[in-house]
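Inspection log for the structure reproduced underneath, given as structure tokens.
Side chains included, hydrogens not; waters and symmetry mates left out as well; all remaining heavy atoms used. Keep in mind the model is a prediction, meaning the values are calculated, not measured. Chain letters run A, B, ... following the sequence lines, proteins first, then strands; residues in each count from 1.
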2 protein chains.
Amino acid sequence: MTLRDRVWQRRNRLRNRFPKATLADVAERAGVSPSTASRALNGHAGLAPATRAAVESAAASLKFQPSPLARSLRTRRTLTVGFVVPDVSSPFYAAALKGAQRRLGQAGYRVLLMDASLDVERELAALETLYAHQVDGLLLATAGISAEALEAAVSTTPTVFFDSVADGAGDGAVILENARGTGLLLEHLVGHGHEHIAFLAGSQRETSGVERLQAFRASGRADERYIRVCEWSIGDGRRAGLELLDDPQRASAVLASSAELALGFMAAAAERGVRIPQDVALVSFDDPYFGELLEPSLTAVAYDACLVGERAAALLVDAMSSETDAREVRVPVTLVTRRSCGCDG
Amino acid sequence: MTLRDRVWQRRNRLRNRFPKATLADVAERAGVSPSTASRALNGHAGLAPATRAAVESAAASLKFQPSPLARSLRTRRTLTVGFVVPDVSSPFYAAALKGAQRRLGQAGYRVLLMDASLDVERELAALETLYAHQVDGLLLATAGISAEALEAAVSTTPTVFFDSVADGAGDGAVILENARGTGLLLEHLVGHGHEHIAFLAGSQRETSGVERLQAFRASGRADERYIRVCEWSIGDGRRAGLELLDDPQRASAVLASSAELALGFMAAAAERGVRIPQDVALVSFDDPYFGELLEPSLTAVAYDACLVGERAAALLVDAMSSETDAREVRVPVTLVTRRSCGCDG
DNA sequence: TTGTAAGCGTTATCAC
DNA sequence: GTGATAACGCTTACAA
């Protein structure tokens, strides 16, 4: 049996199982060479209109779909970006993911997702995997990786940070207006006449946690006695809340760095029979979608988490397609006043 | 040549200064042929131990990472699965994604994410893209695709449905105990002495919506007058809730098919000055994580959304590695009694 | 304007 | 045991 025969046999066997048409099939059908077919389908200039038409109709009739795998191997571009977060199931990251996915989809990119499970080691492993996959870009909400480690893991892959930043690294960053939001909440409490304001700070491994606490301290209204640094969880908020409430010289208002911390504080207050806002006022950075329905409804700083992902994606698309200077984008926040601060419903 | 191309050229040039080690490099360094190197690294049997060791050390010292692209092109396996949902930012899908990602990661698979934005056409497009990418499997929470369309789009790609099912298609499905959960809630209300029970049904394009409504109707306690079919949103729940509340012969209890619908009903009740549970009782399928903190706290059916994704992933891994019969897995639900039903806090 | 041929980095099939 | 060699499906100099 000649080689040619074997090839034929094999091709037929494959065809029967994977009726996927290849570029060679299209070319044959159109009576041109593969290169011409490729050029036609990629819209290269300088082709006889008739040729192009023939190729296009051949492709259509065979339902040809080019293999991204082969294409990427050849061109060294994958049209894929890696998305790495500490925890996809968190509402914030989930929303950011949606925004990013939308924007990237428009630009023709696919999203390869990695969840680092709040674990720096996994995060590094994820980055290495993504690098091996030759992703064209990286969207990264780091749980605390250093600029050097990043550089080592992904070399020159364009990277945009969001929510949390590894100082000095990357081709851009998208962050919330943390300082402004904190200021808004603080001023509002001060407007209600509060002087002793407690602060529930979030994890200091993340930019949001750091910036919010910094802003609070910089305000001149901070008393270290009333500051509690927690993880971003309801449980932690509750524990810290109980401490705050059990202080004999209790603060008259609480600023929580996140919705979870605020919810934790509410739980603590309920446990101690402390009424909000009569006995202690509460405001929160983060406006959960059910904020209106809590008792009392929650005064909070709101923002569009989706937009964070979208903006980051936009920055990345830019960075991938042209040399750009690293830019920092701030996503705006607004104050939503409801009853927990002492305002009337 | 476009700007974009030039950027890529430059980047590639940069990369060429520190070229990624290829299998050929490893082979050369170890003084063997590429095929031998390949065999060594893939743990094939029948190699001189010394050869294997040499290859391994060469690979290590060059920090060799095989190119998944090239490998996939050759082997026709991508170690990638597509994950398609109507909306990643919904807490349920986000949690399922996390569970799936975890399980798939363990098994060595990557996750390519597609958000169909609640749009059947996009869903189809997503499936085609995924098929072109030769994903090894598909995790699909469909927004309403037919078995035929699925078959046409992804051919024989192993597919596991979760949350929502296209009847008869796929290699498995993971669904909640919808009927049991509905029964639990209903019985509980009946136990409180309610006779006229209203039902807020969710979208009938999805299995969860359908099964919950079906279970309600099958209970013999259903009065069509008190049934409202909605989309899964707070707004829809509110609208339907207002209708229910404005009925002169108002039902004395409401069973909401989802947390969103329950929240919508709470908003409606607040607007009308109707007290829960004194004037009307409320229970919900879905226990939102802040259910304890609502006023009144919400009696609900709870389940582990993460587990849904995890189980689906497990089924898929099975289906991808061997011929298996299609299986249906039900994820258990439990009743959490709090105050909205009329129980004491 | 089009075709030929050389890869991209692997793995599989043969020989030896 | 190990090494040539031929794919996998595509793009792109370089020729013609």
Quiz item: Under 4.0 Å: is that the gap between some side-chain N or O of B:S35 and OP1 or OP2 of D:dT5?
Solution: no
Self-check item: Nucleotide nearest B:R74 when distance is taken to its side chain, options D:dC8, D:dT5, D:dT2
Solution: D:dC8
Quiz item: Please give, in whole Å, the distance from C:dT10 C1' to B:H44 NE2?
Solution: 12 Å
Quiz prompt | d(CG, A:L23; C1', D:dT12) in whole Å | solution = 13 Å
Practice problem: Using only side-chain N and O atoms of B:S33, determine if any of them is under 4.0 Å from OP1 or OP2 of D:dG3. | Solution: yes
Practice problem: Whole angstrom is fine here: how far is it from CD in B:E28 over to P in D:dA4? | Solution: 13 Å
Quiz prompt | Nucleotide D:dT12, atom P - distance to CZ of A:R77 in whole Å | solution = 10 Å
Quiz prompt | 5' priority, DNA chain C, between B:S38 and A:V32 [closest heavy atom] | solution = A:V32
Quiz item: Nearest heavy-atom pair of A:R39 and A:R52: which atoms, and what distance?
Solution: O-NH2, 4.2 Å
Quiz item: Reckon A:T51 touches a base, only the sugar-phosphate, or nothing at all at heavy-atom distances under 4.0 Å?
Solution: sugar-phosphate
Quiz item: Which heavy atom in B:V88 sits nearest to a heavy atom in A:A94, and how many Å separate them?
Solution: O-CB, 3.8 Å
Quiz prompt | Distance test, side-chain N/O of B:R52 to OP1/OP2 of D:dG1, below 4.0 Å | solution = no
Quiz prompt | Contact nearer the 5' end of DNA chain D, comparing A:R39 with B:G31 | solution = B:G31
Quiz item: Nearest heavy-atom pair of B:V165 and B:T207: which atoms, and what distance?
Solution: N-OG1, 2.8 Å
Quiz item: How many Å lie between CG on A:D25 and P on D:dG9, as a whole number?
Solution: 9 Å
Quiz item: Of all heavy-atom pairs between A:F162 and A:A96, which one has the smallest distance, and what is that distance?
Solution: CE1-CB, 3.9 Å
Practice problem: Nearest whole angstrom, please: distance from the P of C:dG7 to the CG of A:L69. | Solution: 21 Å
Exercise. With DNA chain D as reference, determine whether B:P34 or A:N42 sits nearer its 5' end, using the nearest nucleotide of each.
Key: B:P34
Practice problem: Have a look at B:Q65 and say if it touches a base, only the backbone sugar-phosphate, or nothing, with a 4.0 Å heavy-atom cut-off. | Solution: sugar-phosphate
Exercise. Select base, sugar-phosphate, or nothing to describe what B:L47 touches, counting heavy atoms under 4.0 Å on all strands.
Key: sugar-phosphate
Self-check item: Rounded distance (Å) that lies between atom P of D:dC10 and atom CZ of A:R76
Solution: 19 Å
Quiz item: From C:dT10, C:dG3, D:dG9, pick the nucleotide closest to the side chain of B:R71?
Solution: C:dT10
Quiz prompt | Heavy-atom donor-acceptor pair, B:T75 side chain to B:L73 backbone, under 3.5 Å | solution = no
Quiz item: Between atom CD in B:Q134 and atom P in D:dG9, what is the gap in whole Å?
Solution: 8 Å
